[in-house]
Amino acid sequence: MGFPYNICQGQVVTSYGVSCTGNLSYGNEERNREIDVEGLFRACTKSEDVKCLHALLAVSGKAKSSFVATRLINMYSYFGNVSLSRDTFDQVRDKDSYTWNSMISAYVRNRQSNKAVKCVSEMLSRTDVRPDFHTIPTVLKACSALPDEASLHYRILKSGFEWDVFVAASLVHMYCRFGFADRAYTIFKDMPSRDTGCWNSMISGYFQNGNAKEALSILDDMILEGVKMDSMTVATILSVDLLRGMLIHLFVIKHGLAFHVFVSNALINMYSKLGELKCVPNVFDHVYVRDIVSWNSVIAAYEQNNHPYVAIKLFHRMHLNKVQPDLLTLVSLSSCVAQMKDPLCVKCLREYCVLINLYGKCGRLSEAIFLFYQVCGETSVPWNAIMSCHGLEDTSLKYFEKMLNEEVKPTHVTFLSLLNACSHSGLVDQGKWCFQVMQQEYEIIPTLKHYGCMVDMFGRVGLLETAYNFIESMPIRPDASVWGPLLGACRIHGNVEMGRKASSHLFELDSQDVGHYVLLSNLYANFGRWEGVNEVRSLARDRGLWKTPGWSSIELNSRVEVFYSGNQSHPQYGEILKELGMLNAKIKSLGYIPDTSFVLQDVEADEKENILPNHSERLAIVFGILNTPPKTCIRIYKNLCVCGDCHNVTKLISKLTEREIIVRDSNRFHHFKDGLCSCGDYW
DNA sequence: GTAGGGTTAG
């Protein structure tokens, strides 16, 4: 079982043996002709085309059928984009067991066992679908990664399934993962028939439990029974049986397994462990398709055999090949740096501090955590960076605890990171605790930013009165950074009266910031209080502010292009509008519903929808998409705040176009990537 | 249209 397409250096060779490199045409969508699903799947080649394919299927309404959706779910998951698998899954009208099984596998395949188990629970709670033979091995695989969920397989097996070879192999694997090799062997020896997968499970299971002798004995039995080793058997035993390694290499060459990436990687590691470095390039240079493990293995081979400079050169080569380093790459690099004893390199590594923050802000938490552990030390800087990573909020306090255990002294920035984290995850009590500890134990006097964080924290969870009283009790005069979050919270929770209070303070403090007028106007508009909208507009107009149009700029080829809302004078306006229309249709098919509450005009709902796409940042983003190579990061500067609807749309655009989009507005920066967004303050 | 078993560090 496997992906029907062999992915090779950015191209895909279909199972029909035809190399497809062309892009699918969007023309089909326009002609609205009957779509040949099978033909499209065959023609689907690169990941870029998968999205085109999906768009076509979505337009034709076929993406919602369980048959087509199942294929899409699998295709996305094989390309590593499990969130698109989930989007597709959610839109299926009548999910059958194929659809459920595919979704569960998509999670497992992408190492998201927690979500897989959650999905299984959802499936079990339904009456219209039951787990089947295909569900069980996947569930067991998920459970193997989650010891706490081990009992789940009993619940499934109680459903009355007989074991087949897939189920048995999975059970053997799971028990070995939990250290019960004997129990696994009982299942293995009682099996009426075994395929190569079952043998592999038992062999690797013994190895995992440190019992190489038993593992090799099972391998001998397998060969005696006439079962031929496959690529998986070879990859397993190469990592342990170094003495027989060269013989196995001959077997690999003879049986055409050398082109299998797992086998090649295992060979590199074997030669590295044997100290036979001269054999390493021989294998590595002949690998047809290299993955991250191939690069890590070859870098580690030189690093561990005391050739750090060669390892660093290979890292550069990896970089030139546009392969992103991961945790293990950086582990090897750290060792290289240590071996070289070069202070400059050590400094470079320390400057990864970011990067922890950057990785965290773009949602790549595993990288952030890894980098953090590389550099965490005596200063609070990396600790602050990791604590401010979004998505880690509920564990930020744990990092704080660890930081104190390491005797690193927190600073006012540490508490800003912590309060920010508490605010984003609604941890009000913990936030209050931080605020108190900061002053009483560390004698840090809160700044306006700390107060602003507290107000934001109360406001986000709807504690508007608490937030207001908190501001009233402040020993220093609150500024716009304190009243602003309250007004924002009033906008979210729809409290017009509190919003009026907050904005009156804001107008007094900073009457020139049009953003405050916009927020209040927005709040009125959301409740249909058009007299309030007009009042705020008049006020702003009287102060010469309302005429300030929203604009967004983008720099391209050393030239700055500026876009105004609805401005039609740009030479590419027609092209931009067409692309925007197409993107709009696609994101709607992914479930996007325009949030017209951000349109500050008393017009009909339909018309509001037409106003939103003209927001200047969208024009600038689409201009960027049209004029830069695929996957180039798009950076936008906007003079006003990004509205909530643009925020949602940009998230989806980043996902659809695989673009990293950074928007800096008058208040914060927004980092969009893979359909997610993290925002940050400028501090 | 859906499933199991495989490679990298410390």
Side-chain angles (χ1 to χ4, degrees), chain A residues 1-2 4 37-38 41 62 65-75 77 88-89 92 95-106 108-109 116 123 129 131-144 161 163-174 176-177 184 188 194-205 207-208 222 229-240 257 260-270 272-273 283 287 290-301 303-304 325-335 370 373:
Chain A
M1 297 295 163
V37 173
E38 283 304 316
F41 270 102
K62 288 180 189 293
S65 82
S66 62
F67 183 87
V68 173
T70 302
R71 300 190 67 164
L72 282 170
I73 291 166
N74 286 310
M75 193 171 285
S77 79
T88 312
F89 175 80
V92 182
K95 299 180 184 72
D96 59 14
S97 61
Y98 288 89
T99 329
W100 282 96
N101 291 342
S102 297
M103 191 62 238
I104 297 163
S105 305
V108 173
R109 192 173 293 129
M123 186 186 186
V129 65
D132 60 17
F133 279 114
H134 290 269
T135 324
I136 298 171
T138 319
V139 174
L140 293 174
K141 192 177 177 179
C143 292
S144 297
F161 288 102
W163 294 345
D164 69 358
V165 283
F166 279 82
V167 176
S170 311
L171 277 171
V172 166
H173 176 75
M174 193 190 71
C176 288
R177 283 292 296 263
F188 175 78
R194 304 178 191 112
D195 68 359
T196 319
C198 298
W199 287 97
N200 290 342
S201 264
M202 198 62 244
I203 293 167
S204 70
F207 277 145
Q208 281 167 29
M222 174 180 163
M229 290 193 290
D230 68 3
S231 58
M232 298 205 182
T233 328
V234 167
T236 307
I237 56 175
L238 272 175
S239 65
V240 183
L257 301 174
H260 200 292
V261 67
F262 282 111
V263 174
S264 310
N265 296 344
L267 281 167
I268 292 169
N269 287 303
M270 179 198 78
S272 166
K273 282 177 185 163
V283 179
V287 179
R290 296 188 189 111
D291 64 6
I292 179 70
V293 180
S294 319
W295 287 101
N296 285 348
S297 300
V298 75
I299 290 170
E303 175 261 307
Q304 284 168 18
D326 71 357
L327 188 148
L328 297 185
T329 323
L330 294 167
V331 166
S332 293
L333 284 184
S334 310
S335 301
F370 163 69
Y373 279 115

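Labels below follow one simple rule: chain letters A, B, ... track the order of the sequence lines, proteins then strands, and each chain is numbered from 1.
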>> As a test of reading the structure: which of B/dG1, B/dG5, B/dT8 is closest to the side chain of A/Phe67, going by heavy atoms?
In response: B/dG1
>> The side chain of A/Val165 is closest to which nucleotide in this list: B/dG6, B/dT2, B/dG4?
In response: B/dG4
> Quick one: A/Lys273 NZ to B/dG10 C1', roughly how many Å, whole number?
Replying inline: 13 Å
> How would you label the contact of A/Ser264 with the nucleic acid (heavy atoms, under 4.0 Å): base, sugar-phosphate, or nothing?
Replying inline: nothing
>> Between B/dG6 and A/Phe262, is there a base-stacking contact, meaning the centre of the base's six-membered ring lies under 5.5 Å from the residue's ring centre while the planes stay under 30° apart?
In response: no
> What nucleotide, of B/dG1, B/dG6, B/dG4, holds the atom closest to the side chain of A/Ser66?
Replying inline: B/dG1
>> Rounded to whole Å, please give me the gap between CZ in A/Phe188 and P in B/dG5.
In response: 15 Å
> Is A/Lys141 near enough to B/dA3 that one of its side-chain N or O atoms lies under 4.0 angstrom from OP1 or OP2?
Replying inline: no
> Separation of A/Met174 atom CE from B/dG6 atom C1', in whole Å?
Replying inline: 19 Å
>> Does A/Arg194 reach a base, just sugar-phosphate, or nothing at all? Heavy atoms under 4.0 Å.
In response: nothing
> Contact class for A/Thr233 (heavy atom, under 4.0 Å): base, sugar-phosphate, or nothing?
Replying inline: nothing
> Got a donor-acceptor pair under 3.5 Å from the side chain of A/Asn200 to the base of B/dG4?
Replying inline: no
>> I want to check something: taking the side chain as every heavy atom from C-beta on, are A/Lys95 and A/Phe89 in contact at a cut-off of under 4.5 Å?
In response: yes
>> Can you tell me whether the side chain of A/Asp195 and the base of B/dG4 have a donor-acceptor pair closer than 3.5 Å?
In response: yes
> Looking at the side chain of A/Arg71, which of B/dG6, B/dG1, B/dT2 is the nearest nucleotide?
Replying inline: B/dG1
> B/dG10 phosphate, OP1 or OP2: any side-chain N/O from A/Gln304 under 4.0 angstrom?
Replying inline: yes
> Contact class for A/Ser102 vs. all strands (heavy atom < 4.0 Å): base, sugar-phosphate, or nothing?
Replying inline: sugar-phosphate
> Looking for any heavy atom pair under 4.0 Å, which part of the strands does A/Ser294 touch: base, sugar-phosphate only, or nothing?
Replying inline: nothing
>> Working note: A/Thr196 + A/Met222, criterion side-chain contact (heavy atoms from CB on, under 4.5 Å); need CA distance, chi angles, decisive distance, verdict.
In response: CA-CA 9 Å; A/Thr196 319; A/Met222 174 180 163; 3.8 Å; yes
> Atom CG of A/Leu171 and atom C1' of B/dA3: how far apart are they, to the nearest Å?
Replying inline: 13 Å
> Taking NE2 from A/His173 and P from B/dG4, how many angstroms apart are they, rounded to a whole number?
Replying inline: 10 Å
>> Counting only side-chain heavy atoms from C-beta out, which of B/dA3, B/dA9, B/dT2 sits nearest to A/Asp132?
In response: B/dT2
> B/dT7 P sits how many Å from A/Ile268 CD1, rounded?
Replying inline: 15 Å
> Out of B/dG4, B/dG1, B/dT7, which nucleotide sits closest to the side chain of A/Asp96?
Replying inline: B/dG1
> Would A/Tyr98 pass as stacked on B/dG1, i.e. its ring centre under 5.5 Å from the base's six-membered ring centre and planes under 30° apart?
Replying inline: yes
> At their closest point, which heavy atom of A/Ala69 faces which heavy atom of A/Val92, and how far apart are they?
Replying inline: CB-CG2, 3.3 Å
>> Taking the minimum atom-to-atom distance to the side chain of A/Thr99, which one of B/dG5, B/dT2, B/dG1 wins?
In response: B/dG1
> With a 4.5 Å heavy-atom cut-off, do A/His173 and A/Lys141 have their side chains touching?
Replying inline: no
>> If you compare every side-chain N and O of A/Arg177 against the phosphate oxygens of B/dG5 (OP1, OP2), does one of them come in below 4.0 Å?
In response: no
> Will you find, in the side chains of A/Ser77 and A/Asn74, an N or O donor that is under 3.5 Å from an N or O acceptor?
Replying inline: no
>> Of the options B/dG4, B/dA3, B/dG6, whose atoms approach the side-chain atoms of A/Ser170 most closely?
In response: B/dG4
> How close or far is atom P of B/dG6 from atom CD1 of A/Ile203, stated in whole angstroms?
Replying inline: 11 Å
> Taking atom P of B/dT8 as reference, at what distance in whole Å does atom CG of A/Asn296 sit?
Replying inline: 11 Å
> If you take all heavy atoms of A/Phe188 and A/Cys198, which pair is closest and at what distance?
Replying inline: CE1-O, 3.6 Å
> Looking at A/Ala184 and A/Cys176, what are the two nearest heavy atoms and their distance?
Replying inline: CB-SG, 3.6 Å
> Are A/Gln208 and B/dG5 close enough that a side-chain N or O sits under 4.0 Å from OP1 or OP2?
Replying inline: no
> Step by step, would you call A/Asn269 with A/Ser272 a side chain to side chain donor-acceptor pair (under 3.5 Å)?
Replying inline: CA-CA 5 Å; A/Asn269 287 303; A/Ser272 166; 5.6 Å; no
> Of the nucleotides B/dG10, B/dG5, B/dA3, which has the atom closest to the A/Ser105 side chain?
Replying inline: B/dA3
> Checking all strands, does A/Ala235 fall into the base, sugar-phosphate, or nothing category for heavy-atom contacts under 4.0 angstrom?
Replying inline: sugar-phosphate
>> Base of B/dG5, side chain of A/Ser201 - is there a donor-acceptor contact under 3.5 Å?
In response: no
> With a non-hydrogen cut-off below 4.0 angstrom, is A/Lys95 in contact with a base, only sugar-phosphate, or nothing?
Replying inline: nothing
> Between B/dG5, B/dG10, B/dT8, which nucleotide has the shortest distance from any of its atoms to the side chain of A/Leu328?
Replying inline: B/dT8
